[in-house]
Amino acid sequence: MKTDIQIAQETVLEPVMNVAAGIGIGADDLELYGKYKAKLSDELIDRVKDRPDGKLVLVTAINPTPAGEGKTTTSIGLAQALCRLNKNAVLALREPSLGPCFGIKGGAAGGGYAQVVPMEDLNLHFTGDFHAITSANNLLAAMLDNHIQQGNALGIDPRQVVWKRCLDMNDRVLRNVVVGLGSKADGMAREDHFVITVASEIMAVLCLADDMEDLKRRLGRMIVAYSFSGEPVTAADLQAVGAMAALLKDALKPNLIQTLEHTPAIVHGGPFANIAHGCNSVRATKTAMKLGDITVTEAGFGADLGAEKFFDIKCRMAGLKPDAVVLVATVRALKYNGGVPKTELSEENTEALKKGIVNLEKHIENLQKYDVPIVVTLNSFVTDTDAEVKYIEDFCKARGCDFALSEVWEKGGEGGITLAERVLDALENQESHFKVLYEDGLSLREKIETIAKEIYGADGVTYSGAAVKELKRIESLGMGAFPVCMAKTQYSLSDDQNKLGRPEHFTVNVREVYVSAGAGFVVAVTGAIMTMPGLPKQPAANNIDVDENGVITGLF
């Protein structure tokens with residue numbers, strides 16, 4: 001069986017100029033990064049902004065498991081299938097972080113015969129967007145510490161510095177560090193921290209910004225520290241906005257590549273789906289909707305995180321109204337939720353399936369709260385049995401959802417025809433009445449509790465003393481109308497990753513709260529969420545290599 005990277009490397013790619021021409025983009029509107037990657041010009045984005053929007057389809061999933069659900073693979077395969085049905089479909093996806101590529105999870109280019117390519121470029125440096133974000137983040141950190149060193153005119157309390165340095169790599173030893181050691185000229189010694197680049201607020205800001213003016217406005221609002229008197233100190237106060245914006249000038253432009261079947265894919269941005277909103281950029285999504293009749297996009301992790309944040313943060317801020325949702329599940333993942341060990345998932349077990357399907361049931365109920373048509377798709381594995389597939393299909397139809405089996409990993413667009421037909425039926429014959437889960441006017445605690453009870457199924461929420469204090473401070477600063485971004489484990493509907501299926505009779509504990517003032521949301525941290533992951537005992541990096549001809553192997 002061929003690996004993903006072998007399939008990708010054997011594909012004959014179209015020059016990106018040809019891919020662009022297929023959706024009406026001329027050569028003058030492309031900034032080329034070689035033959036197969038390009039950025040879309042600001043002039044193009046400005047020129048198409050008044051066109052009518054195409055339809056917007058979100059692809060989400062049940063809670064991820066070690067068995068894998070294939071959400072990105074399904075997104076890509078669906079877009080390819082829509083094009084096979086002569087629909088003008090465009091993908092809008094996130095960029096991968098280097099951390100997972102060299103860690104345990106791998107890249108984010110899809111799999112099998114449903115991939116975006118060139119997959120090695122996408123999973124590694126791509127067009128340098130993440131490097132630009134890393135540089136802008138660390139420039140701000142350097143200017144903050146330099147301000148303290150050079151007299152501290154803003155009265156910054158070194159004990160209340162909240163801005164962290166970042167690196168696009170899993171490196172656990174950098175989670176907690178001490179900076180400023182050495183002589184007096186080396187700065188003030190203080191505790192500092194690193195986050196992975198996708199967890200930087202600059203990533204979230206870039207992905208929510210409409211244009212350069214909006215980007216600079218959001219950058220300026222970012223809170224980096226608090227003064228001795230308790231007042232917030234921002235990037236604008238440090239006069240850092242212009243320099244950061246200069247570093248981000250090109251990163252703000254969406255990237256265009258293609259799928260294995262030459263479907264156009266606009267790939268841009270990638271905020272951490274735990275502590276940020278986990279979606280590709282607003283610019284990418286909106287541009288795709290102007291260029292295509294149907295835009296297929298995705299949101300990170302399961303629907304309890306990705307879809308909820310896509311709806312309640314991204315759609316709320318950007319004025320987007322999705323027309324349909326595809327909910328991805330697998331037989332294997334549902335059996336895992338029913339208590340079957342990973343080593344036994346290939347064996348038929350309808351009893352475990354019946355026990356674990358409650359996870360799918362809860363996600364269906366959650367998506368129905370947003371009043372958008374739902375299509376459930378089962379990402380097919382060769383070990384699935386007819387009885388298992390039939391049980392899931394009947395289960396979904398009994399709950400008012402369309403159902404389709406997806407074989408895009410094995411067959412590419414051809415394997416997604418049934419799914420594409422179900423999605424087209426939903427777009428043409430079912431009306432979306434999209435609404436957000438909560439109103440802006442609720443208090444921050446009411447928003448947190450609405451998400452916990454309505455989406456997670458919790459009985460209630462408890463708060464640490466520090467979280468209560470910070471909620472009061474945020475509301476006193478006039479940011480109580482912000483939406484809430486819940487930082488929670490992706491593996492469970494609860495805040496305990498070991499509670500599989502559909503947990504009941506639990507409370508969510510909010511241990512920390514902070515405001516991402518530039519992004520425009522308040523983060524409520526639950527459980528043991530880490531913003532700087534570590535490498536596993538046997539990292540994927542051990543198996544990655546490049547030969548004398550420059551051919552990369554081991555990337556997945």
Side-chain angles (χ1 to χ4, degrees), residues 4 7-8 11 13-14 16 18-25 36 40 53-61 69-96 108-119 122 254-268 279-281 284-299 306 310 320 322-328 375 377 379-380 404-428:
D4 290 346
I7 293 170
T11 300
L13 302 186
E14 280 285 332
V16 71
N18 294 352
V19 177
I23 49 175
I25 302 174
Y36 306 115
L40 303 180
D53 289 332
K55 300 287 188 179
L56 179 60
V57 178
L58 172 69
V59 179
T60 186
E69 285 61 60
K71 176 163 48 66
T72 303
T73 301
T74 302
S75 301
I76 297 165
L78 171 58
Q80 292 181 157
L82 288 166
C83 288
R84 282 175 175 257
L85 294 175
N86 298 315
K87 301 298 179 183
N88 180 20
V90 179
L91 270 166
L93 300 176
R94 294 175 295 160
E95 298 177 54
Y113 289 89
Q115 297 187 58
V116 281
V117 283
M119 74 90 83
L122 174 62
N255 309 290
L256 178 68
I257 52 175
Q258 63 191 290
T259 73
L260 294 176
E261 299 180 11
H262 316 307
T263 302
I266 299 177
V267 185
H268 193 219
C279 310
N280 68 316
S281 76
T285 302
K286 285 188 170 181
T287 302
M289 292 173 68
K290 300 299 184 182
L291 296 171
D293 296 327
I294 302 172
T295 294
V296 178
T297 192
E298 66 167 3
F310 178 86
L320 298 172
D323 297 284
V325 178
V326 174
L327 177 59
V328 181
V375 178
T377 188
N379 188 18
S380 177
L405 191 65
S406 171
E407 299 176 293
V408 298
W409 183 88
E410 179 186 3
K411 301 177 181 178
E414 180 188 349
I417 293 294
T418 302
L419 172 59
E421 289 173 342
R422 298 290 184 275
V423 169
L424 289 173
D425 181 70
L427 294 175
E428 293 166 5

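Values below: all heavy atoms of this structure, side chains included; hydrogens, waters and symmetry mates excluded.
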Inset, instruction - Take Leu58 and Leu56, measure what side-chain contact (heavy atoms from CB on, under 4.5 Å) needs, and give me the verdict at the end. - result: CA-CA 7 Å; Leu58 172 69; Leu56 179 60; 6.0 Å; no

Using side-chain heavy atoms (C-beta onward) and a distance below 4.5 Å, is [X] in contact with [Y]?
X: Thr418; Y: Leu405; value: no
X: Asp4; Y: Trp409; value: yes
X: Thr295; Y: Asp53; value: no
X: Leu327; Y: Thr60; value: yes
X: Val423; Y: Ile294; value: no
X: Thr287; Y: His268; value: no
X: Leu85; Y: Ile417; value: yes
X: Val408; Y: Gln80; value: no

[X] [atom1] to [Y] [atom2] distance, which is reported to the nearest 0.5 Å:
X: Leu93; Y: Leu122; atom1: CG; atom2: CG; result: 8.5 Å
X: Thr377; Y: Leu78; atom1: OG1; atom2: CG; result: 8.5 Å
X: Asp293; Y: Asn86; atom1: CG; atom2: CG; result: 11.5 Å
X: Ser406; Y: Arg422; atom1: OG; atom2: CZ; result: 12.5 Å
X: Thr259; Y: Leu13; atom1: OG1; atom2: CG; result: 10.0 Å
X: Glu410; Y: Tyr113; atom1: CD; atom2: OH; result: 9.5 Å

Side-chain ([X]) to main-chain ([Y]) donor-acceptor, under 3.5 angstrom:
X: Asp323; Y: Val57; result: no
X: Gln258; Y: Val19; result: no
X: Glu261; Y: Gly413; result: yes
X: Asn255; Y: Ala284; result: no
X: Lys87; Y: Gly292; result: no

Inset, instruction - Let me know which of Leu91, Thr72, Leu260 forms a side chain to side chain contact (heavy atoms under 4.5 Å, CB included) with Val116. - result: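 Between Val116 and the candidates, side chain to side chain contact (heavy atoms under 4.5 Å, CB included) is satisfied uniquely by Leu91.
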
Legend entry - side-chain contact (heavy atoms from CB on, under 4.5 Å) evaluation trace for Gln115 with Thr11: CA-CA 10 Å; Gln115 297 187 58; Thr11 300; over 6 Å; no

Nearest heavy-atom neighbours spanning [X] and [Y]:
X: Tyr36; Y: Val16; value: C-CB, 3.8 Å
X: Lys71; Y: Ala299; value: NZ-O, 2.9 Å
X: Ile76; Y: Ala114; value: CG2-C, 3.5 Å
X: Arg94; Y: Cys279; value: CG-C, 3.6 Å
X: Leu82; Y: Ala89; value: CB-CB, 3.8 Å
X: Leu291; Y: Asn88; value: O-ND2, 3.2 Å

Inset, instruction - Determine, stepwise, if the pair Val326 / Glu298 fulfils side-chain contact (heavy atoms from CB on, under 4.5 Å). - result: CA-CA 9 Å; Val326 174; Glu298 66 167 3; over 6 Å; no

